[in-house]
Amino acid sequence: MEAIHTHRNNHKANSMARKIPNVFWLLILVFSCIILIGNTKASDGDAREAYIVYMGDLPKGDFSSPSLHTSMLQQVLGSNAPESLLYSYKKSFNGFVAMLTEEEKLRIAGMDGVVSVFSNERKQLHTTRSWDFIGFSQQVQRATIESDIVIGVFDTGIWPESDSFKDEGFGPPPSKWKGICQTASNFTCNNKIIGARFYRTDGLFKEDDLRSPRDTNGHGTHCASTAAGGLVAMASLYGFGKGTARGGVPGARIAVYKICWSDGCHDADILAAFDDAIADGVDIVSFSVGGTSINTFEPHNMYPMIYAGNAPNTTGNFTGLSSRFCSRNSLDANLVRGKIVLCDSLTNGRPPLVAGAAGVVMQDTSFQDYAFSFPLPATHVGVNDGSSISEYVNLTSNPTATIFKSYEANETLAPFVASFSSRGPNRITKDVLKPDLTAPGVDILAAWSLVSPVTRVKEDRRRVPYNIISGTSMSCPHASAVAAYIKSFNPSWSPAAIKSAMMTTAFPLSVATSPEAEFAYGAGHINPLKAVNPGLVYDSESIDYIKFLCGQGYSTKSLQLVSGDNSTCSGVINGTVWDLNLPSFALSTMSLKSFSQTFKRTITNVGLPSSTYKATVTAPQALKINVEPSVLTFTSLGQKLSFVVKVEGTIGRTVVSASLVWDDGTHRVRSPIVVYASS
Ligand SMILES: *[C@@H]1O[C@H](CO)[C@@H](O)[C@H](O)[C@H]1NC(C)=O
Ligand SMILES: *[C@@H]1O[C@H](CO)[C@@H](O)[C@H](O)[C@H]1NC(C)=O
Ligand SMILES: *[C@@H]1O[C@H](CO)[C@@H](O)[C@H](O)[C@H]1NC(C)=O
Ligand SMILES: *[C@@H]1O[C@H](CO)[C@@H](O)[C@H](O)[C@H]1NC(C)=O
Ligand SMILES: *[C@@H]1O[C@H](CO)[C@@H](O)[C@H](O)[C@H]1NC(C)=O
Ligand SMILES: *[C@@H]1O[C@H](CO)[C@@H](O)[C@H](O)[C@H]1NC(C)=O
Ligand SMILES: *[C@@H]1O[C@H](CO)[C@@H](O)[C@H](O)[C@H]1NC(C)=O
């Protein structure tokens, strides 16, 4: 779901999403039927595709929606307006569906009263298809040198016998490879897993730790196969998410650096692994371990499960006979709080929500696309799956579950940023936007360790070769794989150029589903096919960071800790945070206080040798944004041109989002611009 916001109405969109979620999602449901009729594929050019223009509540009084909608369209399309209008909503809310080009969409999005404009692409969160979901099919073009790319996975190790790591068709490791394979404890490498090491610099192995790169947890195996696992047909977790499991770069090699143990991941081991990995010849490090944090794992994966029939609200005189259907007021809050509730019919999700449930699973035979309209994590399953879940709940003394929300029902709400995902702003350097971007991380099916329980709960006897888990660390291997994919086509690009390509081609998400806006999704949702050919990149090298760090007040001593060389702050031009050549723009300011800030940027042509890019700014009224020059003409590849962005205004609320797009008719190089009131 692509969304463009009119930031004038951001605030309204937020409160709206909270207030009337069902209507909001219903809009998408209605829309998903239209998609099947005549949708053209999203494109950069002039092709039109259907968009929903969402305008919030119906105005009071006598009001004709269709004529308002037609007149809005006329302002943009002139006499073509009537043909363009596909549908006017007029019962529960205000809005319409129209065929628009990208540019027309932007103009409509900027009109008064428009809350947001959604693309109608049908997306799925099916776990085995997270790559398809982001438009990255099995058939995408591959560079022959993909097999020279080595992804270093810093994690809990790997289960080398998994089908995902078979090395059929792989030649010997690339000649640059200098790593080793620590074969302790029956661990062997092959031409897919070309290196493996384990680190416990303090020597304090715990009882459960296997002194080997072998994964006894599952997490590392999962991340490695998401990034670079081979194609495995018919992979599933008990039938959920059945399909072909594959990594983003199935041709790439994997090098394993086991840094996490049963008591966590220690800095010393992490640094040791970095040290080795660089020398070994690793191209991309996939490292999904969070902050100062000891626990590698997302805590919210598994919830206890309870059958609604066993949790009647006796205060309200309900019995299991009615509570099993999760009808209104029927559940006992004390019994269901924090649990996933299994209901015997489709409900609107409210009763379990009101009773404090963490999620709901509904077994029913009716139309499955309802699943996304629930106010809490929910899934809707057919009777067959329903009865096996019932059986599980009934036969297990402490049943637990992940929220299988996207396996059996088609997930139309995606993508949005999951509640457990970390959020910005950047607490250290306020004027550098974080996060950079977002990637799939919910309900990801990938390979698993055969000695680790499916729930990672010790008492759970079930062992599976493929498992479904969620977390920021599931997003990470997606991003790593996309970086590897970009590098396989552009081997000489710097890390900054690769990151720029990923960010400027990401598609913006909806503030309605992710109210923290850029602080939830950064530049937006990763889009690998576009990222491989971004047109322009915001490149930078170490000297840019040295200037920046000196400007931030680093001493030569602390600078050298970061740079690892003899760099000093004397004699370099101190850089400001606003001039660091990032593909995003962030400004922290004070509410209701006027500001004016310039940002200098230099952009490198990696698209067509001669091309002319025009700047388009989308901004709410609160911001005045000027780009100088607003047209950049390149005459060769690798050419660098500079420009200045000036952002002025006064903001009255927390986060204000805008964007800058450089467009040459072929490439759209988009940067988020975020101004926020920091405390
Ligand atoms: C080593 O692993 C292989 C493959 O899983 C297995 O067949 C073999 O029995 C193992 N050997 C030992 C000594 O554990
Ligand atoms: C539940 O039943 C009892 C006994 O019949 C009655 O006194 C009470 O009012 C009922 N409570 C509710 C909420 O209906
Ligand atoms: C249980 O029933 C009582 C009485 O009808 C009601 O006030 C209460 O909200 C119900 N609890 C839940 C969680 O629905
Ligand atoms: C659980 O088992 C009991 C006893 O066999 C049965 O009556 C009940 O219907 C079962 N519940 C579910 C949800 O399968
Ligand atoms: C989900 O969508 C796909 C294609 O859009 C369709 O083939 C499939 O039947 C749908 N599944 C369900 C459960 O509706
Ligand atoms: C850069 O800033 C540092 C303080 O952070 C200052 O000591 C130094 O003189 C500055 N250098 C230049 C060239 O302005
Ligand atoms: C750093 O300085 C030392 C001593 O002056 C010198 O030997 C070394 O080559 C320098 N390293 C770099 C990277 O310039």
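Read the numbers this way: they start at 1 and go in the same order the structure lists the ligands and their atoms. Bear in mind that the values here come from a model prediction, so they are computed numbers and not experimental data.
- At a heavy-atom cutoff of 4.0 Å, ligand 2 is surrounded by T315, N317.
- Here the closest heavy-atom approach between residue P312 and residue F318 is recorded as CB-O, 3.4 Å.
- Every residue two or more places apart in sequence or in another chain was checked for a side-chain hydrogen bond (donor to acceptor under 3.5 Å, both in side chains) with S322, and none qualifies.
- Between S657 and E518, the shortest heavy-atom contact is OG-OE1, 2.6 Å.
- Between A308 and S323, the closest heavy-atom pair is O-OG, 2.8 Å.
- D215 approaches H219 most closely through the heavy-atom pair OD2-N, 3.7 Å.
- In D332, neither the side chain nor the backbone holds a heavy atom less than 4.0 Å from any atom of ligand 3.
- The two atoms that bring I526 and H478 nearest to each other are CD1-O, 4.5 Å, heavy atoms only.
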